[in-house]
Amino acid sequence: MHKYRTHNCGELRAEHINKEVKIAGWIHRKRDLGNLCFIDLRDRYGVTQLVIDESAAADVRTAAEKLGREFVLQAAGKVVERSSKNDKMPTGEIEIVVSDLQVLNPSETPPFTIEDETDGGEELRAKFRYLDLRRNPLQSAIKLRHKMAQEVRKYLDAQGFLEIETPFLIKSTPEGARDFVVPSRMNAGEFYALPQSPQTFKQLLMVGGYDRYFQIVRCFRDEDLRADRQPEFTQIDCEMAFVEREDVLQTFEGMAKFLFKKVLNIEFDKEFPRMSYNDAMKYYGSDKPDIRFGMRIFELSDRVKGKNFSIFDNAEYIGGICVEGCGEYSRKQLDELTDWVKRPQVGAGGLIYIQWKNDGIKSSVDKFYTPEELRKIASDNGAKPGDLIFIMAGKKNQTINALGKLRLEMGSRLGLRDNKVFAPLWVYDFPLLEWDEETKRFYAMHHPFTSPKPEDLENFYSDKKETVAEVCANAYDFVINGTEIGGGSIRIHDAKLQQRMFEVLGFSAEDAAKRFGFIINAFKYGAPPHGGIAFGFDRWCAIFGGQESIRDFIAFPKNNTGRDAMLDAPSGIDEVQLKELKIRLVKE
RNA sequence: GGGGGUGUAGCUCAGUUGGUUAGAGUAUCGGCCUGUCACGCCGAGGGUCGCGGGUUCGAGCCCCGUCACUCCCGCCA
């Protein structure tokens with residue numbers, strides 16, 4: 001017989017009645033009624049009730065009195081039918097009449113309760129992460145992540161992808177996010193960088209002839225954090241050779257549907273919608289639109305000017321959204337929303353409304369427009385009696401961005417963003433470049449290995465900055481419910497085009513050679529056409545789990561300031577280590 | 001770099017206009033209890049009100065500074 005257990009805490013049922021079993025786990029709760037004592041024993045499979053009654057030996061009964069929460073306990077006994085069953089738990093028909101008890105390890109009283117709805121705050125739970133991990137919500141998140149990883153591997157393996165590891169100690173490339181940097185003892189004064197993504201390596205694997213590659217891989221970015229951003233995070237990194245955009249989209253739309261089916265049992269029989277970047281910005285004010293609901297942004301720039309309302313007359317852009325069924329909002333609600341959009345995080349100057357109330361039209365601009373004009377503006381943009389129009393005006397990018405945020409906020413307030421509903425889509429035709437006014441140079445919107453669209457290739461070589469700025473990237477993002485889940489592109493595989501890209505980005509030939517010489521060289525030796533995509537694995541898991549934060553889907557995450565509260569990392573290192581690395585710290 | 005929120009018992013929180021000995025729930029400990037399953041009942045212990053300074057006869061509460069956590073903006077090719 002097994003030393004510790006014959007069964008886990010989740011599997012015993014009526015069919016096991018009269019069996020002698022051994023079971024082990026953590027004491028979830030104890031209910032001591034005097035001469036009768038119940039113990040809920042828990043492991044990751046479930047909870048089973050132990051009962052210690054007069055049939056137990058005296059020493060067992062004495063031992064039971066001293067048991068506390070989270071003791072690791074092993075019990076032996078007979079499975080019996082309960083006299084009062086509990087239909088709330090899967091094992092509720094049975095219990096184990098304990099004949100023998102072993103405390104495998106006692107426990108101090110945990111600082112918070114190990115319950116689905118714990119009483120612990122985030123900070124405390126982070127410090128005692130190993131206790132938090134015992135809780136059901138964390139266990140199901142970690143299990144979901146495991147399931148996702150397994151299904152990704154199954155799908156990609158079946159499609160002929162090879163899983164290949166790439167190095168973590170690589171070279172710093174000052175484009176893009178800040179690198180985490182690792183000093184080298186053997187090469188004093190020099191540093192490795194941890195990869196922000198295995199981008200160049202996967203392209204080199206294409207040159208190496210591994211025409212379908214993937215990796216579930218840790219990536220590192222030394223940037224400020226968010227609920228959905230960690231300094232180290234995991235990507236499903238993929239690359240294919242001899243493909244164009246359509247091949248990549250088909251392959252990974254297939255993977256997404258496979259995961260929806262296998263993990264959530266949701267079938268998508270239709271193709272995922274596709275939207276150009278321009279349309280996404282125009283109608284949703286975002287390059288990652290949440291299309292679980294409509295409320296699309298409409299433009300009013302040309303039709304509301306010339307009525308002496310200076311805010312409109314001076315605006316580069318005027319746009320609005322129509323919020324269904326909110327026409328009877330109170331003044332207080334409207335004022336509160338106006339304050340909401342004026343917060344620096346949204347940054348709007350103000351909020352104009354047209355209420356289509358039961359007793360007529362009411363608006364914050366009815367000094368400038370007649371009720372008929374306002375009704376026409378409203379009805380032309382999809383409003384009907386009982387609806388509310390919000391309008392913002394100002395600089396184009398800022399305003400449309402603020403409208404996008406208001407749209408999401410109203411969607412949330414109206415319950416249109418159900419986390420059990422999934423709306424995936426592809427966004428494509430991103431601009432290749434972004435002009436930065438401060439540094440007076442172009443930056444790659446995606447990364448410098450993204451190819452221009454074939455039809456824009458000629459413009460990419462133009463001498464005119466304006467023409468180059470218009471070039472579209474052969475790039476695509478995968479979006480679910482307003483969250484960017486993945487992004488990729490068809491890459492440059494031509495050494496000359498890659499040189500041109502570095503030139504456009506303002507690198508001298510020497511600079512480019514110094515930083516990216518290895519890849520330019522590789523492209524001289526028969527690089528196949530290739531492209532790929534990388535998915536944010538943690539985010540995908542969180543979305544599938546219906547959560548905003550990725551933290552619970554990572555066993556040991558960092559806090560908001562990049563610290564590990566449990567380890568208390570990062571920390572200083574001792575003088576000997578510094579000396580070996582030939583590093584001296586400077587006090588500021 | 002910036003904005004919002006929070007910080008009071010092990011934990012989660014309340015604490016009025018600045019005024020007596022800072023409370024509740026829960027957890028812990030002790031007692032009673034043979035069908036509980038958030039067991040119940042009785043009792044007890046438990047506080048650097050984040051930290052430092054200031055105003056005041058008097059500060060958990062007001063002011064200044066600082067730290068930590070959290071959400072967001074910038075940033076994240």
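Proteins come first, then strands; the chains are lettered A, B, ... in the order of their sequence lines, and each starts at number 1.
- Neither OP1 nor OP2 of U26(B) sits under 4.0 Å from any side-chain N or O of R69(A).
- Judged by distance alone, with hydrogens and angles left aside, D224(A) brings a side-chain donor or acceptor within reach of the base of G74(B), the pair sitting under 3.5 Å.
- Among the heavy atoms of the strands lying under 4.0 Å from T109(A) are primed sugar atoms or P, OP1, OP2 only; no base atom is included.
- With hydrogens and angles left out, the side chain of E123(A) and the base of U70(B) share no donor-acceptor pair within 3.5 Å.
- Contacts of R551(A) with the nucleic acid, taken as non-hydrogen atoms under 4.0 Å apart, involve only primed sugar atoms and P, OP1 or OP2.
- Nucleic acid contact for K30(A): none, since no nucleic acid atom lies under 4.0 Å from a heavy atom of the residue.
- Taking atom P in both A68(B) and U16(B), the straight-line distance is 28 Å, to the nearest Å.
- For the pair R245(A) and Y428(A), the distance from NZ or CZ to the six-membered ring centre is under 6.0 Å and the angle to the ring normal is within 45 degrees.
- Backbone-only contact: L124(A) has heavy atoms under 4.0 Å from sugar-phosphate atoms and none from a base.
- Listed pair R82(A) / U36(B) fails the phosphate criterion, with no side-chain N or O lying under 4.0 Å from OP1 or OP2.
- At a threshold of 4.5 Å between non-hydrogen side-chain atoms, the residues M445(A) and Y277(A) count as touching.
- The side chain of T561(A) places an N or O atom within less than 4.0 Å of a non-bridging phosphate oxygen (OP1 or OP2) of C69(B).
- Side-chain atoms of T483(A) and R539(A) form no donor-acceptor pair, as typed in the model, at a separation below 3.5 Å.
- For the residue pair Q203(A) and Q199(A), a side-chain donor N or O sits within less than 3.5 Å of a side-chain acceptor on the partner.
- With a 3.5 Å ceiling on both atom-pair distances, the Watson-Crick or G-U wobble partner of G43(B) is C29(B).
- Using a 4.0 Å heavy-atom distance criterion, E484(A) is classed as making no nucleic acid contact.
- The separation of C75(B) from G2(B), taken at their P atoms, amounts to 16 Å, rounded to a whole angstrom.
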query: Between F252(A) and W426(A), is a ring-ring contact (aromatic ring centres under 6.0 Å, His included) present by the stated rule, with each step listed?
result: CA-CA 11 Å; F252(A) 292 99; W426(A) 295 101; 8.1 Å; no
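- Checked against U70(B), C37(B), U36(B), the side chain of E122(A) finds its nearest nucleotide in U70(B).
- Close to C33(B), at under 4.0 Å from its OP1 or OP2, lies no side-chain N or O of N35(A).
- If you check every strand for non-hydrogen atoms under 4.0 Å, G121(A) touches sugar and phosphate atoms only.
- Of the listed nucleotides (C37(B), C33(B), C69(B)), C69(B) has the atom at the smallest distance from the side chain of R563(A).
- In the set A27(B), C76(B), C72(B), the nucleotide with an atom closest to the side chain of A227(A) is C72(B).
- For N559(A) and C69(B), the shortest distance from a side-chain N or O to OP1 or OP2 is below 4.0 Å.
- No engagement by A565(A) is indicated, since no non-hydrogen atom pair under 4.0 Å with the nucleic acid exists.
- Rounded to the nearest Å, the gap between the C1' atom of A59(B) and that of G54(B) is 11 Å.
- For R226(A) and C73(B), the shortest distance from a side-chain N or O to OP1 or OP2 is below 4.0 Å.
- Here the nucleotide nearest the side chain of P111(A), chosen from G74(B), C39(B), G10(B), is G10(B).
- Distances shown here put every side-chain N or O of R31(A) at or beyond 4.0 Å from the OP1 or OP2 atom of U36(B).
- A cation-pi arrangement, defined by a distance under 6.0 Å to the six-membered ring centre and an angle within 45 degrees of its axis, is present between R441(A) and Y443(A).
- Residue Q345(A) places no side-chain atom within donor-acceptor reach of the base of G74(B), judged by atom type and a 3.5 Å distance cut-off alone.
- No donor-acceptor contact under 3.5 angstrom links the side chains of N278(A) and S276(A), judged on distance only.
- Across the P atoms, G7(B) and U56(B) are found 28 Å apart, a figure rounded to whole Å.
- Not a single donor-acceptor contact under 3.5 angstrom links the side-chain atoms of R221(A) to the base of C76(B).
- Of the nucleotides present, A68(B) is the one that pairs with U6(B) by Watson-Crick or G-U wobble criteria, both distances under 3.5 Å.
- G25(B) sits 11 Å from C41(B) when the P atoms are compared, rounded to a whole Å.
- Across G30(B) and U8(B), the matching P atoms stand 28 Å from one another, rounded to whole Å.
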